[in-house]
Amino acid sequence: MTLITSIETTSETTNQLESLNDVQHLFDRILQTNQLFINRDLLRSTYIPEILPHREEEITELGSILSPALKYETPSNIIMFGKPGVGKTAVTKLVGVELQIRGKELGKHIHFIYINCQLSDTLYKILQHISQQLNDNQPDTIIPSSGLPVDVIFAKIILLIDKQKQILVVVLDEVDKIRDDITLYTLTRINEQLRNARLSIIGISNNLRFTDFLDARVKSSLGQETMVFNPYDAQQLQDILRTRCQQALAPNILSDDVIPLCAAIAAQEHGDARRALDLLRVSVELAERKHDRNVTNKHVRLAQSKIEKDRIAEVIHSLPAQQRLLLHAIRILQKYNKHMRNPSAMITGELYYQYVELSKTVRYTPLSQRRVADFISELDGLGIISARVISKGRYGTTREIQLMISLTELEHILQDDEFIEEISQVKMKNQMKLII
DNA sequence: CATCCACAGGAACTTGGGGGCA
DNA sequence: TGCCCCCAAGTTCCTGTGGATG
């Protein structure tokens, strides 16, 4: 009944049907136009290929360190270092999965468990993750997301792991995100509690100096083996891109200079293969959208600026309200500073004052200066602002804050922000004050 | 050259929301 | 239902800092 009424031919529904037709034609047109991609996903950094060019040595080394697992012997714990996008995670996952398969063939129980510590940064969450991966659907081994004491969880995990003879290889990616020593200490000592099973840990870090801040016992236990991944050079990045292109893109659509340019740009940024792949993928996407038959260095340049702008816009849109409010304060100060005595930069004190004023306007309770100082550090870390500690002599130590993106870009990103209307009225009032 | 300012940033503590257990 | 736990976000308190100033 409802269906019948909904397709009655009123003028309104006719319009709707026409626009539906338009959309269908749009999709048809898109599908019919020149297809530059064969498989877009192969150019995504999350895709792990079967062949990793220029990482043969690392694969062999990791494989040989982990190989005792195939004889139920405990592999050494490993700590891996290297800048982002140099293949640490890819190599580890590739070898880990292969190890698991070989184990299965030999009738050995080997589990490869990958944990990103950015998401699981406490002992509780890591133990919960391990239990999920080992989950045998037994209700008594399911661990809730919170509510239980850690020692209870720990005892459950020990029982779960030790139920059978097995080797667990636990990868802690971005291990430096774990904030306390106790978590790593507990994990590296877990074998002392096990009778049948064994666990070894691979810690992956972007930070070469990560172990400097570790407890000495954790450091020696975790770092039984150390692997350092060097950045790819431009030539190696070109090889990586060419290998992926063969399967990902239609033949002969790239100008000769596209791959060298993507590789060169990524090589400048500490040899990041992810960056090179993103750059190439977005370049092809831009060409496809413009119905161009070839991808040229012009598309690469466009892609380069698009990626950076998109990244910043995405980061800003995902900020919590209080941090966006702080950004509005920065935006306003930057705008007025242009016309004032000191156009260079703002300092913590004046920024906090402006932030408190804005909070009152939008009826938010302003947070403490200490908390806002943390926000400033976070925005600095995200590359949206630069906050440099300076001493103003007798007038104290503060941070000099500068916007790292253009004011126009920031205004563009914030134009549809929830606070914008109320705040723009304040701006008017302030302008009046300035004139007076 | 001691003093002083306006913070930076570490550490401990609080609050409130999520949840489990007996 | 009351008590316990975990955790994120925030506050309070504190010590440290470094160069202009008198």
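The analysis underlying the following values was restricted to heavy atoms, covering all of them including side chains, and did not include hydrogens, waters or symmetry mates.
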Of A/Gly147 and A/Val372, the one whose closest DNA chain C nucleotide lies more 5':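 Its nucleotide being nearer the 5' end, the pick is A/Gly147.
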What is the distance, rounded to the nearest whole Å, between atom [atom1] of [X] and atom [atom2] of [N]?
X	N	atom1	atom2	answer
A/Ile153	B/dC21	CD1	C1'	12 Å
A/Tyr124	B/dG18	OH	C1'	10 Å
A/Arg371	B/dT14	CZ	C1'	14 Å
A/Leu148	B/dG18	CG	P	17 Å
A/Phe154	C/dC5	CZ	C1'	18 Å
A/Leu127	C/dC5	CG	C1'	15 Å
A/Ile143	B/dG18	CD1	C1'	17 Å
A/Lys125	C/dC7	NZ	C1'	7 Å

Is the A/Tyr364 to A/Phe419 ring centre distance short of 6.0 Å?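 When the ring centroids of A/Tyr364 and A/Phe419 are compared, they turn out to be within the sub-6.0 Å range.
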Of the options C/dT12, C/dG19, C/dC6, whose atoms approach the side-chain atoms of A/Ser391 most closely? C/dG19
Before accepting this row, confirm whether a basic side-chain N of the pair A/Arg281/A/Asp278 lies closer than 4.0 Å to the acidic partner's carboxylate O.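 Yes.
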Do A/Glu73 and A/Arg198 meet the salt-bridge criterion of a basic N to acidic O distance under 4.0 Å? no
Presence of A/Lys392 side-chain N/O under 4.0 Å of C/dT21 phosphate oxygens OP1/OP2: no
Whether each nucleotide of nucleotides 3-9 of chain B has a protein heavy atom under 4.0 Å at its base (B), only at its sugar-phosphate (S) or at neither (-) is summarised, 5' to 3', as BBBBBSB
Is it true that the side chains of A/Gln133 and A/Tyr114 contain a donor and an acceptor less than 3.5 Å apart? no
Side-chain donor-acceptor contact under 3.5 Å, A/Ser200 with A/Asn77: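 Judged by distance alone, the side chains do not pair up.
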Reckon A/Val152 touches a base, only the sugar-phosphate, or nothing at all at heavy-atom distances under 4.0 Å?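 It contacts nothing in the nucleic acid.
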Minimum heavy-atom separation for A/Gln323 and A/Leu379, please, with both atom names.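 Heavy-atom minimum between the residues: OE1-CD2, 4.0 Å.
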side-chain hydrogen bond (donor to acceptor under 3.5 Å, both in side chains), paired with A/Asn206, selected from A/Lys83, A/His270, A/Glu174, A/Lys88: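 Per the side-chain hydrogen bond (donor to acceptor under 3.5 Å, both in side chains) rule, the option paired with A/Asn206 is A/Lys88, out of A/Lys83, A/His270, A/Glu174, A/Lys88.
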